[in-house]
Structure formats: structure tokens, C-alpha cells
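Some notes on the structure that comes next.
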Amino acid sequence: MAKPCKNSLAFPDDAFAARVLRWYDLHGRHDLPWQVSCAYRRWVSEIMLQQTTVAAVIPYFMRFMERFPTIDALSEAPVADVMAHWAGLGYYARARNLHAAARVVVRTLQGVWPQTVEGLSALPGIGRSTAGAIAVFAFAARAPILDANVRRILRRYHDEQGTGAAHTRRLWALAADHLPAQRVADYTQAIMDLGALVCRKTPDCPRCPLASDCAFTGAEPAVARTARRERSVAMLLAQRADGCVFLVRRPTRGVWGGLWSLPECPLADDAAFCLRQHGLEARACVLLAPFTHTLTHCTLHIQPIHAQGVVTTSPQPGGDDMMWYPLDQPAPGVPAPVGRLLTRLREIP
Ligand code: SF4
């Protein structure tokens, strides 16, 4: 049973929005590189911003736009090139969906963007909230959004506790009720900014324009936390005499899906045995300094092993999913810790 909202929405329609907009005019972000009315830039930025901060996204967005300045350029590019420009940003299914959606718009829809939330939601990787944001920013639609920031504000402001589909429906209804009659795009950016800058995990209520009637008491609903897993793995830097390093493509599903990576084996296994499974043999194997890499739900303890003077001893299984990468060439799309290891290898005299 839904708890009644402690804040009635009966007071003037724009009271909430007006305060958020006034705060935004003074403190919001007005010069982000995607704040233009271009569906393509808005779409790419909204996908990159899913589960990723503005600060982390900006350099990736700039590089991505330089390489793929238009949706036509993106749709014509090989998916491996798109993955390479996404490497390090995480959640790689986003990049594959972005590429797939570009092809739908260019090839199936003849370059005509859907302009409604329903039409945009039909494209790969675009959920209702992202579709709302693109429709608002690029096509001046009037639609609510409910990303993690907005969800947190509404949950706290209205003391809207609970979980599940009914809870989410109530939050969507509140998000729609708060939409102002005018300046919808500014309001949408404003409430995103308020969540990112003020109503954060630890809220800064004294700076918040909603503090006077916010229902937040400091108590958050208990969120079931999954314990962070720990995993240890050996990564093999198998290098030929000509300097090339052996890379394998990861399966499209799962962590680092579709990126190029190093062969991995459990720490207990012997490196020579792992190399043989790829049809390789090394003159010598040297342990490099181990390090830790943090993923969303897992801490990865990595033991790099430098296999030197590697030669091919039997036909290599893998076909297109393996390559010998020349270290002096730009790296293909690789996960951050693999990029770090390749850099380390380049520094070995
Ligand atoms: S007053 Fe505090 S809890 Fe309420 S919306 Fe503002 S920052 Fe969030």
C-alpha cells in the first residue's frame, strides 16, 4: 500500500519547479559540451551519462564527437572502432546499442529521428527516461525523466518509500506532476543538476531550494547491498620477439563485453599451461608487480605475467577473436587495466 505523500501537490503547480529553476539559473550547469539542440549529441551524451558522472563523461564525449561527428559517421564505423572509443567508460553494452541504434536511424528510418518518447524508446539501448531527456532537449517535447538523480530527489522530497513497479509508477507520476508549463528543457537539466550537485547520496540540504518543505528526515529505506566480490586472476602479456602482444576478444556479454583483452587464467594455474591452450609457448615467464582494479560489484586482484619470446606452436583457435597487437600502434578497445599493462610493457626496455 502506497504511503500518502507528505507533500501535497495541491499547492501551485509550478512551486516546486519554480524553485528548482531559480536555483538552476544561479548554480546549475549551462555550458556542457552537449547542451545544444542536436539530437545526435544529446543522445550520445545521455547514453554516456547513464551510471557515469559528467566529469568522467566529458573527455570521452569530446573524443567520440571528434571521431564520429554525425550519426552517419557512427553508423558507417565498424563496431570495433566504436568500442575502442568507449574503452574505459564501462558498461560496454551501451556502446554496442549506440552503434546499433545509429544504424536503425540511418538505414531503416532513412536518417529521420523519432521525436516522441515512444519512438525513441523503440531504439536499442534507449529506456523511457533517456528517451524523455532526448525528446525534451532535442525536440522541445514535454516529458518527464526519472534517472537516478531525479528518483532520489522525489523519493526524499515526498518521503516516497518502497520498492518495485508500483513505487516506480508513483515516482513517474510525481515527475510528470512537477513538470512546469514552460522552460521544460531548463527544468529537466535543473533537476538533474540538483540531484548531482546538492541532493547527493549525502544531501546538502542547507543549499537546497526544496529544503523548506522537503519530507526527508535522514532515514533512507534499507537497500539490500550485495557484498563486493573479490576475484584474483593472472593476466598473460604474451609477447613475441618482434614486440607484438597476443590479445583475445572477450565475449559480447559480461564484463568488458566485446573489448580486446589479455588471456587470463586462475592464479593457481601455471602460465605455460594457459599459453598452450592458445597454441603458444614462451621462452621465459616473469611476474610483474600485481595491482587491484575496482569494478562495480567486484574487486579484481590482477597478477600480470610477462611471457617473453612467445612463439606459435600449434594452430591457434579463435579466428577473428584473437590478434597480435603491435605495441607501437594505437591500442584497440581494451579495458582500463589492460591499457595500463600495455603502457607498462612499452616502458620495459
Ligand atoms: S532538502 Fe535535502 S533531501 Fe530534500 S531534496 Fe533537498 S537536498 Fe534532497
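Here, residue 1 is the first one in the sequence, and each next residue gets the next number. Note that ligands are numbered from 1 as they come in the structure, with each ligand's atoms numbered from 1 the same way.
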Verify the ring-centre separation between F61 and W34: is it less than 6.0 angstrom? yes
Can you establish whether the number of heavy atoms outside Q329 located under 6.0 Å from its atom CD is more than 12?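 Check passes, neighbour count above 12.
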With sequence neighbours left out, write down each residue that passes salt bridge (Lys or Arg N to Asp or Glu O under 4.0 Å) with [X], or none if nothing qualifies.
X: D72; result: none
X: R41; result: none
X: D193; result: R29

Would you please classify the geometry between the W113 ring and the F139 ring as parallel, tilted or perpendicular, with 30° and 60° separating the classes?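 The rings of F139 and W113 sit tilted, inter-plane angle from 30° to 60°.
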Within the 2.8 Å cut-off the protein N, O or S neighbours of atom 8 (Fe) of ligand 1 are C199 SG
